[in-house]
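First up is the structure itself, then whatever we jot down about it.
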Protein chains: 2
Amino acid sequence: MTTPTGDQALIKRINTAIVLEFILRGAPLSRAQISEQSGLNKATVSSLVQDLIDGHLVEEIGTGKSSGGRKPVMLEFIATSGYAIGIDLGVNYIRGVLTDLRGTIIAERTSSLRDPEPAAAFEQLCGCIEALVAEAPDSPFGVVGIGVGVPGLVDDSGSILFAPNLKWRDVPLQRWLTERFSLPVTIDNEANMGALGEQKYGAGRTINHLIYVSVGIGIGTGLILQKSLYKGASGFSGEMGHLSIEAHGKSCTCGNRGCWEMYASEQALLEQAAVLGFEDLEALLDAAAAEQPEVLELFASIGEYLGIGIANIVNMFNPDAVIIGNRMSQARPWLENIVRQTVVQRAIGFHLRNVQLLFAELGERSSMMGAAEMTISGFFSRVKAT
Amino acid sequence: MTTPTGDQALIKRINTAIVLEFILRGAPLSRAQISEQSGLNKATVSSLVQDLIDGHLVEEIGTGKSSGGRKPVMLEFIATSGYAIGIDLGVNYIRGVLTDLRGTIIAERTSSLRDPEPAAAFEQLCGCIEALVAEAPDSPFGVVGIGVGVPGLVDDSGSILFAPNLKWRDVPLQRWLTERFSLPVTIDNEANMGALGEQKYGAGRTINHLIYVSVGIGIGTGLILQKSLYKGASGFSGEMGHLSIEAHGKSCTCGNRGCWEMYASEQALLEQAAVLGFEDLEALLDAAAAEQPEVLELFASIGEYLGIGIANIVNMFNPDAVIIGNRMSQARPWLENIVRQTVVQRAIGFHLRNVQLLFAELGERSSMMGAAEMTISGFFSRVKAT
DNA sequence: TAACTTAGTTTATTGGATAGACAAACTAAG
DNA sequence: CTTAGTTTGTCTATCCAATAAACTAAGTTA
């Protein structure tokens, strides 16, 4: 068979998904409410809810308030019937969470990456995952999968093609992890994961079109268009760090000139700060808090360049929001105004009308939470497919 | 009712759409072939085909070859059961086509825009449309709608918010045309229409992710992501002409600096060519054909800047193809090599692996054909909804 | 207590897809 | 020219999900 044709099973999947979606969002909800709000018949809802209860995804949590009739039986999603693992594999750290199916953090582990060699790093990663798996309580579905965000280009088979800062090339991480843990594994770029994390659990909740700009050593972006991650033809869109904003500017290792991340990343900041005797972002943040003028000027310069790139993004994508995340979001107090000014000055008026400039709410957890979210939504789509 | 729920009618719509899609693509096709290729039961196909025949969308065109059994009855889409109108409203011309439902051109009209004032231009536009309507043969569905591509920002209600080169602001063209003709009307940006035209009838057939770069007086882009037009949150994405490629370059009327279209558009070309005594693109093309060195150099400079912007596009969107269209595509012989070189030099290697650089096949007709296509697909989605 | 409300289930019906039987129309071999 | 085998397309009985409407359950209000 070549095409996914429509039959009764498809209808049932669609309607089951609708019912589950209502319960996921609407928290305690009765069958009658679902019927009314969804437009599905009461009998249909009853039947589908029964299936979900049998499938350990939903439970009855007692009766609700009556307004002059029989009390409703309230339904709730069983968030603890399965657990997800989300990992943020950084250039010099490994961060991991165990969450329930609603994304609530059950356990968290952070360690610094001891040896960036692929094999050694993989072993350390496995240790982290094993420790998290061990913390998962008994549940009907157990651990439903593993998601990993990595600082590099990932193809659609989950291989890391190139991770410059880790110096990795062609590391088939998804295959390795699948073989080791026999669980569904999703690998994606750190910025894509961060975008997902912020959209689901952070500053971008309820926003349909958002661009997440991950400003760390380099700059990466995650594009969420019509509510879902856009990955391009081969799976690696969003390399906006290598958007040239100075056609004849500084040469970049990527072969291009004037790449955005050469002017607006942590790396760019640190290079300029070295002259002033600063060695890391933390020191600069302290100095900025102490209102040291040269440092404030430095942040202003970075902020202006950030704004230049973001104005480009706004013009091109016409998003609802741009979220600045990753390490540089810590400098929000010294960046926000200048970024906002630059964007307002440079972006097209019509595009500015409805766009919001936000900073990541999850901070360092964006990417890790996005990885967990990807695992959870993968689980749901598998559940819905049956 | 808030959510589109699944019921039997939905199944039928889905399956009818599948059957119709097969007939549209597969040209002469029998019921048995459709059943086999689609996975739908023979009886189901028979029933749906009968509905399509009753609905004047499909007809039997005789028997096909037998391979040792009963001869199949071949089916064909009735392209002439309805007609669509596609208009390209330019800065100084109005171009229109009447096509059948397969996009075959039945009639075509071009005139130069006499008066760019909205009211006068609207009257001239109506004249063009009336003439095309008059050319439509009798058919079950008649003229199924009107599509118009315009050089400006269009909101989701079909109002032209701003068309700088026409000096239009807040012109509710869709409302005007709907009131006048009582037909479904679609208005969109000229670049979006061009992208659609090239994807359906031109260089981009069968390509899922493509970016159409319309290089005329300014530069606009149409984004086709996962086979369909991406329009952003408010309906106006793709203003890549105002992508800043020189952060501190020339000031643009849009408020930004160093906008791409200040270096790579027809306008940019003509400004530089004025010094050499050229007044329009046609004269420059002649001079280039005569291998006049200063002109060749001029095109090389434009080509390099085009390449710089396209490299940015490739890095950001990771598309399958970039198509250069509109007036500047005529300069292909003098642009193609330098554009290609620049892109190869500046875009990230991984993104280059599968990307094609193409020129519009429909030439000046891209936008107009896209407008017709949008009308046709609107008609189909209305048919499928019943 | 009676009258009314609301929640959720049961029952009969509807409509679309399907498998399998079947008739029609053909090819090819003897 | 017959006969066997093949392919097409239709017909029929059945299945299944959604639905309306009737019904049961369990409350509130006057």
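So you know, we letter chains A, B, ... as the sequences are listed, proteins then strands, and number each from 1. Values in this document were obtained by computation on a predicted structure and should not be read as measured data.
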### Query
Can you find a donor-acceptor pair, distance only, under 3.5 Å between A/Lys71 side chain and D/dG27 base?
no
### Query
Please give, in whole Å, the distance from D/dT19 P to A/Ile34 CD1?
14 Å
### Query
Out of D/dT8, D/dT10, C/dA17, which has the shortest distance to the side chain of B/Lys12?
C/dA17
### Query
Hey, does A/Thr44 reach any base, or is it just sugar-phosphate, or nothing, if we go heavy atoms under 4.0 Å?
base
### Query
Salt bridge or not for B/Arg205 and B/Glu361, using N-O below 4.0 Å?
yes
### Rounded distance (Å) that lies between atom P of D/dT14 and atom CG of B/Asn41
17 Å
### Task
Identify whether any heavy atom of A/Ala32 sits under 4.0 Å from a base atom; if not, whether one sits that close to sugar-phosphate; answer base, sugar-phosphate or nothing.
sugar-phosphate
## Note on the structure
Of A/Thr16 and A/Lys42, the one whose closest nucleotide on DNA chain D sits nearer the 5' end is A/Thr16
### Task
Could you check whether B/Val73 gets within reach of a base, just the sugar-phosphate, or nothing at all, counting any heavy atom under 4.0 Å?
sugar-phosphate
### Message
Need one value for A/Ser30: base, sugar-phosphate or nothing, where a base atom within 4.0 Å counts as base even if backbone is also close, heavy atoms only.
### Response
sugar-phosphate
### Query
Base, sugar-phosphate, or nothing for A/Ser67, non-hydrogen atoms under 4.0 angstrom?
sugar-phosphate
#### Entry: Between C/dG15 (P) and B/Ile14 (CD1): distance, integer Å
19 Å
### Task
Map B/Leu48 and B/Ser66 onto DNA chain C by nearest heavy atom, then report which one ends up closer to the 5' terminus.
B/Leu48
### Task
Calculate the interatomic distance between B/Leu10 atom CG and D/dT19 atom C1'; express it in whole Å.
16 Å
### Message
Looking only at side-chain N and O atoms, does B/His209 offer a donor or acceptor that is under 3.5 Å from a partner on B/Tyr230?
### Response
no
### Task
Using a strict cut-off of less than 4.0 Å between a Lys/Arg side-chain nitrogen and an Asp/Glu carboxylate oxygen, indicate whether A/Arg31 and A/Glu36 qualify as a salt bridge.
no
#### Entry: Protein-nucleotide distance (B/Ile11, atom CD1; D/dC16, atom C1'), rounded to Å
9 Å
#### Entry: Nucleotide C/dG16, atom P - distance to CG of B/Asn15 in whole Å
11 Å
### Query
Between A/Gln8 and A/Arg31, who's closer to the 5' end of DNA chain C by nearest nucleotide?
A/Arg31
### Query
Would you say the side chain of B/Arg70 and the base of D/dT7 hold a donor-acceptor pair, judged only by whether the two atoms sit under 3.5 Å apart?
no
### Atom-pair distance (CD on B/Glu60; C1' on D/dG9), nearest Å
10 Å
### Query
Under a cut-off of 3.5 Å for both distances of each Watson-Crick or G-U pair, what dot-bracket string does DNA chain C give, using [ ] for crossing pairs and | for inter-strand pairs?
||||||||||||||||||||||||||||||
### Query
Do A/Val45 and A/Lys42 pass the side-chain contact (heavy atoms from CB on, under 4.5 Å) test, and can you show the C-alpha distance, the side-chain angles, and the key distance before you say yes or no?
CA-CA 5 Å; A/Val45 172; A/Lys42 287 196 295 176; 5.8 Å; no
### Query
For A/Lys231, does the NZ atom sit with more than 12 other heavy atoms under 6.0 Å from it, leaving out its own atoms?
yes
### Task
Answer yes when A/Glu373 and A/Arg102 have at least one side-chain N-carboxylate O distance shorter than 4.0 Å, and no when they do not.
no
### Task
Would you please indicate if the ring centroids of B/Phe141 and B/Phe380 are separated by under 6.0 Å?
no
### Query
What is the minimum heavy-atom distance between B/Asp100 and B/Ile376, and which atoms define it?
O-CD1, 3.5 Å
### Query
Over how many whole Å does the gap from B/Asp51 atom CG to C/dG16 atom P extend?
9 Å
